[in-house]
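Worksheet: the structure to be examined is printed underneath.
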Amino acid sequence: TWLQNNSPGSPRTVAGGPAGPALPNGPLLGTNGATDDSKTNLIVNYLPQNMTQDEFKSLFGSIGDIESCKLVRDKITGQSLGYGFVNYSDPNDADKAINTLNGLKLQTKTIKVSYARPSSASIRDANLYVSGLPKTMSQKEMEQLFSQYGRIITSRILVDQVTGVSRGVGFIRFDKRIEAEEAIKGLNGQKPLGAAEPITVKFANNPSQKTGQALLTHLYQSSARRYAGPLHHQTQRFRFSPIAIDGMSGLAGVGLSGGAAGAGWCIFVYNLSPEADESVLWQLFGPFGAVTNVKVIRDFTTNKCKGFGFVTMTNYDEAAMAIASLNGYRLGERVLQVSFKTSKQHKA
DNA sequence: TAGAATT
């Protein structure tokens, strides 16, 4: 069921045609004799949102032996970011993958398979958002306007879904961030030849940077399916401080802590990935209220997360809301178990 | 005035 029609407004490949060859901008061999992966490592763009790592691997593994592959996902929500990397053992298989899979239509997407550029800071944050374009300007014309500032990796003009007419906004991704910076300096506020209005050129927002509000909305929707009533009814019911409840036997041995992290409710978070770090916990729990401390438990030798961590929150109701919302939450391919910390821990 | 392009 992957095969379907292309959608209008799909990005057109530039800079050397579809999946153009990588520029020889890296050494062929490292000083230690390590193999050059510029001819085996591919980047795959415009993957369907619901494609999994396994499906991704299966698709590209059908070409040849894969050294490694990775579907890139949002660190917090685990959602696919729509692109991934495949490193083949044999450069010939990488070439074959480009020739046979680039342009493949999967659901509403047309995937792009091309050589990955060597990863470096200089190629990050090189995407520009352009608005105020003349409706008559084509993608090619937009590229011509911007190409004087550097090598364009991809470009796109957004069009009305119904009429197909340009909406006057688009994106330009340069090879290098400095090229994008120069393009802003040279073109922001300028009128293209013959245009009536000046265009606006600025760095594009990063679509993967979800706000706490967006995360909350996402969590509310997922937890609302698992709980009978609206969550805010619970929220208003309890509002007592940890100090006031201290000593109450009803909740003895549960959650409440008063250590170096300060008084608060200690929450146990289980089934984190080995790559999890403190920022993940901050971003997961921060939207629910006052968080005073987070800790990822790591293996002493590997420094990888051992699969669990702790979060301390100041207010009971906010902690309870976080637990109700995040327990059972799917983070990537894992389902979190979240509860107040108890004296006898993680037996399940 | 908004796309999932660097692990």
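Contact annotation: A:Arg167 reaches the phosphate of B:dA2 (side-chain N/O to OP1 or OP2, under 4.0 Å).
Using a 4.0 Å heavy-atom cutoff across all strands shown, A:Tyr83 reaches sugar-phosphate atoms only and no base atom. Base contact: A:Ser80 has a heavy atom under 4.0 Å from a base atom. A:Lys202 comes within 4.0 angstrom of a nucleotide base, judged by non-hydrogen atoms across all strands.
In this view, A:Arg334 and A:Asn271 satisfy the side chain to side chain donor-acceptor pair (under 3.5 Å) rule, not counting sequence neighbours.
Remark: C1' of B:dT7 and NZ of A:Lys70 are 5 Å apart, rounded to the nearest angstrom. Rounded to whole Å, the distance from CZ on A:Arg177 to P on B:dA5 is 17 Å. When rounded to the nearest whole Å, the span between CD of A:Glu275 and C1' of B:dT7 equals 11 Å. In this structure, CZ of A:Phe85 is placed 6 Å from P of B:dT7, rounded to the nearest angstrom. As rounded to whole Å, 7 Å separates atom P of B:dA4 from atom OH of A:Tyr46.
Between the side chain of A:Gln79 and the base of B:dA4 there is no donor-acceptor pair of N/O atoms closer than 3.5 Å. At a cut-off of 3.5 angstrom, the base of B:dT6 holds at least one donor-acceptor pair with the side chain of A:Arg117.
Looking at every heavy atom in both residues, A:Thr314 comes nearest to A:Trp265 through O-CD1, 3.5 Å.
Among pairs with a residue in residues 296-311 of chain A, those fulfilling side chain to side chain donor-acceptor pair (under 3.5 Å) read A:Glu275-A:Lys304, A:Glu278-A:Arg298, A:Asp299-A:Thr301, A:Asp299-A:Thr302, at least two apart in sequence or across chains.
With contacts defined as side-chain heavy-atom distances shorter than 4.5 Å, the pair A:Tyr115/A:Ile43 does not qualify.
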